[in-house]
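So the structure is just underneath, and the comments pick up after that.
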Number of protein chains: 2
Amino acid sequence: MARRTPTLARLAELAGISQMSASRAINDRHGVSEQTRDKVLRIAAEIGYVANRTAQKLSGGRTRIVGLLTPVRQDQFVTELIIGAGRAARNAGYEMLVYPMFDEDRETHHNVLTLLQQFSDGLVAILPHDDAPYLKALNEADVPVVVVDQRGVFPQYPSVASDNYEGARLAVQHLVALGHTRIAFISGDERLTAAHDRARGFNDAMRQQGLRPEASLTAIGRFSQAMGFKAALHLLKLKRPPTAIFAANDLSAFGAIAAAHELGMRVPEDVSVIGFDDVPMASQVYPPLTTIRQPLQQMGRSAVNILLARIAGIESPSDRITLPTDLILRSSTAQPAAKRGAQR
Amino acid sequence: MARRTPTLARLAELAGISQMSASRAINDRHGVSEQTRDKVLRIAAEIGYVANRTAQKLSGGRTRIVGLLTPVRQDQFVTELIIGAGRAARNAGYEMLVYPMFDEDRETHHNVLTLLQQFSDGLVAILPHDDAPYLKALNEADVPVVVVDQRGVFPQYPSVASDNYEGARLAVQHLVALGHTRIAFISGDERLTAAHDRARGFNDAMRQQGLRPEASLTAIGRFSQAMGFKAALHLLKLKRPPTAIFAANDLSAFGAIAAAHELGMRVPEDVSVIGFDDVPMASQVYPPLTTIRQPLQQMGRSAVNILLARIAGIESPSDRITLPTDLILRSSTAQPAAKRGAQR
DNA sequence: CTGAAAGCGCTAACAT
DNA sequence: ATGTTAGCGCTTTCAG
């Protein structure tokens with residue numbers, strides 16, 4: 001007896017009503033008596049009815065699925081966003097499907113967007129960087145779109161980001177408060193808004209502390225461990241090396257720490273290192289990394305919540321959220337050696 | 001002029017043929033003249049036609065989408081699998097959609113499976129652990145399923161795993177070759193086949209080396225950094241502490257290294273640590289972690305390839321693949337201090 | 001090689 | 001509150 005997946009028609013038949021009433025009951029629409037609804041839901045649970053979302057979408061309805069478009073990354077950055085977004089979706093009775101983008105994914109934006117729209121009511125996009133074809137493809141989307149972490153690049157969409165500028169200032173203030181004056185900066189991927197804002201924050205904070213950032217103390221990190229390693233190696237070999245390094249993200253901070261060790265220097269005794277993001281690994285390596293925390297899960301959650309509101313037709317014009325960043329004090333920063341000596 | 005997404009009907013109209021011929025051309029079926037096919041494909045590209053996969057699925061066709069069901073994890077383990085699987089899918093002209101499972105996702109297996117089947121031709125499942133409801137739900141799937149990393153638990157499905165047993169032996173052999181005799185083991189999540197196999201491999205290898213594993217030198221790590229930290233702290237505080245620690249995965253190895261540092265011990269000078277997995281972070285922390293490499297991306301790739309074969313109707317009975325593991329020598333292991341002293 | 005008809009499971013729109 | 005009709009975009013028959 002090859003029992004097929006139960007359909008709405010079958011459910012209606014068992015309940016002794018029309019398909020339409022069953023549909024309304026399942027979707028919690030009005031136009032059904034409470035009695036009918038309860039009956040339908042009971043039978044649905046009994047026979048294990050699960051709505052076919054492709055059919056729902058095809059017939060012009062909602063699927064209660066949100067799509068998340070994301071680059072796959074080396075660090076935990078994206079995973080945390082996914083967790084936040086996914087939980088928010090589930091809490092609202094939605095499912096979330098993730099479309100992972102690889103480095104080589106170029107020129108296929110149109111197809112991907114079209115694909116995702118076919119079974120989602122809306123899209124959250126974590127975009128790799130400012131990418132013209134993407135922008136164009138996103139514009140053609142006819143489901144709501146919310147952008148994460150790329151505020152500014154897609155001004156036409158609601159967006160969620162953290163306060164990268166202020167976070168960078170926090171990092172500098174922390175290092176200065178410890179007594180550092182020679183502070184180096186390992187920059188991020190300059191194609192990303194976030195990287196820009198952090199660089200700006202660093203420079204502004206330095207000036208505000210009366211520390212005029214030196215060009216020679218800025219190195220390119222591109223948000224990668226390998227580049228962070230190289231950058232720090234270069235910086236620490238300078239005739240007058242920095243006593244502290246602010247890396248634009250945790251991954252490049254890990255690289256900086258490795259470079260210090262490579263040169264026989266201890267962290268934080270010989271050089272302080274502070275990162276940005278607070279990915280889970282930041283607290284799990286040695287030394288635990290002092291860093292600027294982005295509320296990654298909350299960013300994902302906010303993005304989904306805005307999206308769900310848009311799907312429901314609520315368009316608040318203020319859907320451009322910037323969440324605060326925090327200094328997370330751990331063990332990779334300390335007073336500079338000179339200062340410690342002087343204090344004794 | 002509200003231009004809607006072009007449909008197959010529109011495409012056929014423009015090509016001056018029937019919808020069916022257009023469909024055949026698009027799907028590369030036989031039954032169309034080469035001339036017609038070329039024309040259709042040209043026009044499709046021109047108007048940016050993208051097949052509606054929900055409609056394809058609904059009408060009994062293939063969507064060329066594979067679904068990947070995965071727990072979200074703290075480490076990069078899963079990300080690497082996703083990369084391998086995703087690339088393999090893309091190379092074969094398929095898309096891949098990921099359904100992330102959170103810890104709290106229980107009791108919803110039936111729904112999730114049903115949902116995923118609605119738009120995929122097959123499923124790759126990275127399961128959290130042996131979970132009865134899951135097993136049941138998977139059994140009801142009417143698309144092919146391939147299981148990753150849980151060989152044995154789902155004997156009815158084709159599976160891909162790495163040689164955890166042999167990998168563990170490799171780790172022990174490496175430590176013994178360095179001169180270690182007091183070797184501790186930090187176990188993994190015992191609900192997982194992989195964890196079991198690694199423990200078995202450890203014990204067998206120890207015996208084969210004439211080293212009778214001591215119960216007091218085994219601690220529980222559950223594949224987490226925090227537990228690994230705790231376990232190592234305990235082990236290193238023993239009156240007769242081990243000179244080397246084999247952690248069942250990289251994450252718990254990171255914990256072990258942190259614990260050693262916490263106690264003022266250096267790695268590898270005072271204690272050697274070897275992990276398992278070779279997640280990207282393993283090479284990015286300090287000291288770079290000596291570990292047993294699982295070919296994670298290749299595992300993802302193999303899983304998808306088996307799945308695609310199944311989708312195409314090719315059922316090789318030997319679809320239970322075990323991929324080899326390798327020792328990756330980095331800097332967290334060295335000769336024990338005693339031996340180094342003796343050599344001088 | 002090509003096409004016409006029927007229908008996948010569902011919901012909008014329009015009944016009643 | 002409930003039911004009927006039509007159709008979403010595609011592919012499976014089944015005919016030519």
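Order of the sequence lines fixes the chain letters, A, B, ..., with proteins taken first and strands second; residue numbering starts at 1 for each chain.
- Of the possible donor and acceptor atoms, none in the side chain of B/Ser302 sits under 3.5 Å from a partner among the backbone N and O of B/Met299.
- Partners of A/Thr193 under the side chain to side chain contact (heavy atoms under 4.5 Å, CB included) rule, at least two apart in sequence or in another chain, are A/Gln150, A/Val153, A/Asp197.
- Each of C/dT11, D/dC8, D/dC10 was ranked by its minimum atom distance to the side chain of B/Gln56; first place goes to D/dC10.
- Where A/Arg37 and B/Ile26 meet DNA chain D, the nucleotide closest to each residue was compared, and A/Arg37 sits on the side nearer the 5' end.
- Residue B/Met20 contributes atom CE, which lies 6 Å from atom C1' of D/dT11 at whole-angstrom precision.
- Taking side-chain N and O atoms only, A/Ser21 has a distance below 4.0 Å to OP1 or OP2 of D/dG3.
- Comparing C/dC10, C/dC8, D/dT11 by their closest approach to the side chain of A/Leu8 singles out C/dC10.
- Regarding A/Glu13, its CD atom lies at a distance of 13 Å from the P atom of C/dC10, rounded to whole Å.
- Counting only heavy atoms from C-beta on, A/Ser33 has its side chain closest to D/dA1 among C/dC10, D/dA1, D/dC10.
- For C/dG9, neither phosphate oxygen OP1 nor OP2 lies less than 4.0 angstrom from any side-chain nitrogen or oxygen of A/Arg53.
- A sub-4.0 Å separation between OP1 or OP2 of D/dG9 and a side-chain N or O of B/Tyr49 is absent.
- In this structure, of C/dG9, D/dG9, C/dT11, it is D/dG9 that holds the atom nearest to the side chain of B/Asn52.
- For the pairing with B/Val66, the side-chain contact (heavy atoms from CB on, under 4.5 Å) check across B/Leu308, B/Val124, B/Val146 returns one residue only, B/Leu308.
- Here A/Arg29 lies in heavy-atom contact (under 4.0 Å) with sugar-phosphate atoms only.
- Taking atom CD of residue A/Gln118 and atom C1' of nucleotide D/dC8, one finds them 12 Å apart after rounding to whole Å.
- Remark on DNA chain C: of its neighbouring residues B/Ser59 and B/Val32, the 5'-side contact belongs to B/Val32, judged by nearest-heavy-atom nucleotide.
- Among the heavy atoms of the strands, none lies under 4.0 Å from A/Thr54.
- Nearest to the side chain of B/Asn27, among C/dC10, D/dC8, D/dT11, sits D/dT11.
- Under the 3.5 Å distance criterion, the side-chain polar atoms of A/Arg310 are left unmatched by any main-chain donor or acceptor of A/Gly122.
- Atom CZ in A/Arg37 sits 10.5 Å away from atom CG in A/Asn27 (nearest 0.5 Å).
- You'll find a donor-acceptor pair under 3.5 Å spanning the side chain of B/Arg24 and the base of C/dG3, going by distance alone.
- The local environment of CD in A/Glu34 is sparse, with at most 12 non-hydrogen atoms from other residues, nucleotides or ligands closer than 6.0 Å.
- Of the side-chain N and O atoms in B/Thr36, one or more sit less than 4.0 angstrom from OP1 or OP2 of C/dT2.
- In this entry the distance linking CZ of B/Arg10 with C1' of D/dC8 reads 18 Å, nearest Å.
- Side-chain nitrogen and oxygen atoms of B/Ser23 include at least one within less than 4.0 Å of the OP1 or OP2 phosphate oxygen of D/dT11.
- Here C/dG3 presents its C1' atom at 11 Å from CD of B/Gln19, a figure rounded to the nearest Å.
- Between A/Ser18 and D/dG3 there is a side-chain N or O to OP1 or OP2 distance below 4.0 Å.
- Here the P atom of nucleotide D/dT2 and the CD atom of A/Glu34 are 12 Å apart, to the nearest Å.
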